[in-house]
Amino acid sequence: MRITEVGNAFDREVHLGVFHSPIASDNGRVAAPSFGKQDGVDYMFYEAGHRLNARICIAGAV
């Protein structure tokens, strides 16, 4: 997954790079990220694996 900053009117785009790369247990697919924070740590919940056999995963910021 890559992250891009866009302007309010989508008139600007700044590509900031990769913020998450699949790991082996993701089976090459990550999708539908959702973000949260607890005790000062940022977390991302996401869908991983084959579309009809996917699971929900969590990644913490390092």
Side-chain angles (χ1 to χ4, degrees):
M1 293 183 200
R2 298 178 182 275
I3 188 166
T4 302
E5 181 181 341
V6 298
N8 290 336
F10 297 101
D11 55 347
R12 174 182 54 133
E13 67 181 63
V14 179
H15 297 276
L16 301 173
V18 174
F19 75 91
H20 181 75
S21 294
I23 59 174
S25 62
D26 290 338
N27 292 319
R29 179 179 170 270
V30 295
S34 179
F35 301 92
K37 181 179 275 199
Q38 182 177 8
D39 298 326
V41 178
D42 293 312
Y43 292 96
M44 178 179 75
F45 297 88
Y46 63 98
E47 179 182 325
H50 303 289
R51 189 173 298 275
L52 296 178
N53 194 22
R55 62 195 186 290
I56 301 300
C57 297
I58 185 171
V62 291

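On a predicted model such as this, the values are computed, not experimentally measured, just so you know. Values below: every heavy atom of this structure, side chains too, minus hydrogens, waters and symmetry copies. Count residues from 1 along the sequence.
Hydrophobic clustering, with ILVMFWY side chains joined whenever heavy atoms are under 4.5 angstrom apart, keeps Ile56 apart from Met44. Linking ILVMFWY side-chain heavy atoms closer than 4.5 Å, directly or via other members, places Val30 and Phe19 in a single hydrophobic cluster. The hydrophobic cluster containing Ile3 also contains Phe35, counting ILVMFWY residues as joined when their side-chain heavy atoms lie under 4.5 angstrom apart, directly or transitively.
Within the 4.5 Å cutoff, no side-chain heavy atoms of Arg2 are placed close to those of His20. For the pair Pro33 and Met1, the minimum side-chain heavy-atom distance is below 4.5 Å. Residues His15 and Glu5 form no side-chain contact, since every pair of their non-hydrogen atoms from C-beta on lies 4.5 Å or further apart.
Scanning both residues, Arg29 and Gly49, for their nearest heavy atoms gives NH1-O, 3.0 Å. Among all heavy-atom pairs drawn from Ala48 and Cys57, the shortest one is CB-SG, 3.7 Å. Shown here for Arg55 and Asp26, the closest heavy-atom pair between the two residues is NH2-N, 3.8 Å.
One distance of note links OH of Tyr43 with CD1 of Ile58; it measures 6.0 Å at 0.5 Å rounding.
In the hydrophobic clustering, where aliphatic and aromatic side chains (Ile, Leu, Val, Met, Phe, Trp, Tyr) are joined below 4.5 Å either directly or transitively, Val18 stands alone.
Enclosure of atom CZ in Phe10 is not indicated, since only 12 or fewer non-hydrogen atoms of other residues, nucleotides or ligands lie within 6.0 angstrom.
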